[in-house]
Protein chains: 2
Amino acid sequence: MKDPLLEFPGYALRRAANAAGAILSERLGELGLRQADASALILLDANPGLTSSRLGAALGIQRANMVPFLNRLETEGFVERVPIDGRTQGIHLTDQGRARLTDARRVIETFEAELIAMVPREHRTHLLPALLALWK
Amino acid sequence: MKDPLLEFPGYALRRAANAAGAILSERLGELGLRQADASALILLDANPGLTSSRLGAALGIQRANMVPFLNRLETEGFVERVPIDGRTQGIHLTDQGRARLTDARRVIETFEAELIAMVPREHRTHLLPALLALWK
DNA sequence: TATTGTTATACTCTATAACTATA
DNA sequence: TATAGTTATAGAGTATAACAATA
C-alpha cells in the first residue's frame with residue numbers, strides 16, 4: 001500500500017510524538033502521573049515558587065487549564081500553594097512531590113535513552129536541535 | 001528560568017508536534033478540514049477503495065473511531081462507501097473530495113516547506129529519517 | 001488599567017468494551 | 001470462529017469568554 005504521507009516531516013512528527021507519548025504515558029501512569037504532571041514536577045524542582053501563570057507558560061498550558069491541573073497535583077499531595085501577595089501564589093513541591101519526582105526521573109531517563117537509541121546513529125545528534133528549532 | 005526539560009528529545013518531540021500541529025490545523029481549518037481529514041484524502045487518492053479498517057490502520061486511528069470520522073467525510077461529500085461484499089466497503093474519493101484535496105495539498109506543501117526551513121541547515125536532512133525511525 | 005487566578009463550557013482526539021452481521 | 005463495521009461511553013487535552021480580586 002502506497003503511503004505518500006511518509007514524505008512529510010510534519011506528518012512524521014505528529015505520528016512519532018503520538019507513538020512516543022503513548023509509551024511514556026503508560027509508564028508514568030504506573031506511578032499515577034501524566035506527562036504534564038512529570039514535566040511540572042521537574043520544572044518546579046528546578047524553579048521553586050513559580051507562579052501558576054509562569055509554570056503554565058513554560059509548559060504550554062493556558063492559565064484557565066492550570067487551575068484543575070494544579071488542584072489535582074495539590075489534592076494528590078505533590079505541590080502546595082504559598083501566597084506571595086494577595087493575588088499571586090508560589091507553587092512548591094512537597095516532600096511527597098520530590099519523592100514521586102525521583103521515581104518519575106528514573107522512568108523518564110530510561111524512556112529517553114530508549115527513544116534516542118531507536119534513531120540511527122548518523123541522525124542521532126541532530127534530532128534534539130532540529131526539534132528545538134521547531135518551537136523554541 | 002531554568003528549563004531542564006529542554007534536554008529531553010521526547011519532550012521536545014511533543015512540544016514541536018503540538019506547535020506544528022496547531023499551525024497546520026488552523027490553515028486546514030480554513031478549508032473546512034482537520035489534519036486527519038487531509039491525511040485520509042491523500043491516502044485514499046493514492047489507494048482508491050481502501051477499507052475502513054485498512055485506512056484506519058494506516059492513519060493510526062482505531063476502527064471504532066473511524067465510524068464517526070468517515071460519516072463526517074461522507075456527509076460533507078468528500079468520500080463514498082462502495083460495498084465490496086456483505087460486510088466490507090471500499091472507500092473512494094468523490095469529485096468533490098479530489099477537488100478539496102487539491103486545495104489541501106497546496107496548504108500542506110507550503111506548511112511542510114516552512115517547517116523544514118525552520119530547521120538549521122546542518123540538521124535538515126536528518127529530521128525525517130530520525131522521525132520515521134521513531135514509529136515506522 | 002492590567003494582571004492573577006478562577007469558573008464554566010465545549011470541542012477534539014483517543015481508548016475500551018460489547019454488539020451485529022457476514023466471511 | 002474470526003473479522004468488518006458499528007454503538008456507546010469515558011477520559012484526556014485544549015480552547016474561549018467572562019468574572020472577581022488585587023497590583
Side-chain angles (χ1 to χ4, degrees), chain A residues 11 13-29 32-40 49-76 79-92 135, chain B residues 11 13-29 32-40 49-76 79-92 135:
Chain A
Y11 179 79
L13 181 61
R14 179 160 64 97
R15 295 298 301 268
N18 287 347
I23 295 171
L24 180 58
S25 287
E26 196 203 332
R27 295 190 191 176
L28 286 174
L33 296 175
R34 305 176 189 175
Q35 287 189 56
D37 298 349
S39 301
L50 274 182
T51 64
S52 172
S53 295
R54 301 234 307 146
L55 177 60
L59 292 173
I61 300 175
Q62 303 206 17
R63 275 188 308 285
N65 295 326
M66 287 299 288
V67 179
F69 177 67
L70 287 177
N71 284 346
R72 189 170 45 77
L73 290 181
E74 194 173 39
T75 298
E76 289 174 358
V79 306
E80 57 188 356
R81 303 188 225 216
V82 178
I84 295 177
D85 59 31
R87 75 174 176 192
T88 310
Q89 304 161 344
I91 318 290
H92 297 262
W135 71 278
Chain B
Y11 180 79
L13 181 62
R14 181 161 64 98
R15 296 297 302 268
N18 287 348
I23 296 170
L24 180 58
S25 287
E26 197 203 331
R27 294 190 192 174
L28 286 173
L33 296 176
R34 304 176 189 176
Q35 287 189 57
D37 298 350
S39 301
L50 274 183
T51 63
S52 173
S53 296
R54 302 236 305 146
L55 177 60
L59 292 172
I61 301 174
Q62 303 206 16
R63 277 186 307 285
N65 295 326
M66 287 299 288
V67 179
F69 176 67
L70 287 177
N71 284 346
R72 188 170 45 78
L73 290 182
E74 193 173 39
T75 298
E76 290 174 358
V79 306
E80 58 188 354
R81 304 187 225 219
V82 178
I84 296 176
D85 59 30
R87 74 174 177 193
T88 309
Q89 303 162 346
I91 318 290
H92 297 262
W135 70 278

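FYI, side chains are in, hydrogens and waters are out, and symmetry mates aren't considered; it's all heavy atoms of this structure. Here is how names work: the chains are called A, B, and so on, in the same order as the sequence lines, proteins then strands, and each is numbered from 1.
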Grab the N/O contacts between the protein and nucleotides 18-22 of chain C below 3.5 Å, and write none if there aren't any.
| unit_1 | atom_1 | unit_2 | atom_2 | d |
| --- | --- | --- | --- | --- |
| C/dT22 | O2 | B/Arg87 | NH1 | 2.7 |

When all nucleic acid strands are considered with a 4.0 Å heavy-atom cut-off, which category describes A/Arg81: base, sugar-phosphate, or nothing?
-> sugar-phosphate
Would you find more than 12 non-hydrogen atoms of other residues, nucleotides or ligands less than 6.0 Å from A/Arg27 atom CZ?
-> yes
Would a distance-only check, ignoring hydrogens and angles, find a side-chain to backbone donor-acceptor pair under 3.5 Å from A/Gln35 to A/Leu24?
-> no
Quickly, which of A/Asn71, A/Asn65, A/Leu73 forms a side-chain contact (heavy atoms from CB on, under 4.5 Å) with A/Phe69? Name it, please.
-> A/Leu73
Output a table of nitrogen or oxygen pairs between the protein and nucleotides 9-12 of chain C separated by less than 3.5 Å.
| unit_1 | atom_1 | unit_2 | atom_2 | d |
| --- | --- | --- | --- | --- |
| C/dT12 | OP1 | B/Arg34 | NH2 | 3.2 |

Could you list the residues that satisfy salt bridge (charged side-chain N to carboxylate O under 4.0 Å, His left out) with B/Arg63, not counting sequence neighbours?
-> none
Among residues 15-28 of chain B, which residues get a heavy atom nearer than 4.0 Å to DNA chain C?
-> none
Looking at residues at least two apart in the chain, or sitting in another chain, which of them share a salt bridge (charged side-chain N to carboxylate O under 4.0 Å, His left out) with A/Glu76?
-> none
For B/Arg54, look at atom CZ and say whether over 12 heavy atoms of other residues, nucleotides or ligands are found less than 6.0 Å away.
-> no
Within less than 4.0 Å of OP1 or OP2 of D/dG5, is there a side-chain N or O belonging to B/Ser53?
-> yes
4.5 Å side-chain heavy-atom contact, B/Arg15 and A/Ser39 | no
side-chain contact (heavy atoms from CB on, under 4.5 Å) between A/Leu28 and A/Asp37, worked out = CA-CA 9 Å; A/Leu28 286 174; A/Asp37 298 349; over 6 Å; no
Within residues 54-62 of chain B, the residues having a heavy atom closer than 4.0 Å to DNA chain C are B/Gln62
How about B/Ile91 and B/Leu70: do any of their side-chain heavy atoms sit closer than 4.5 Å?
-> yes
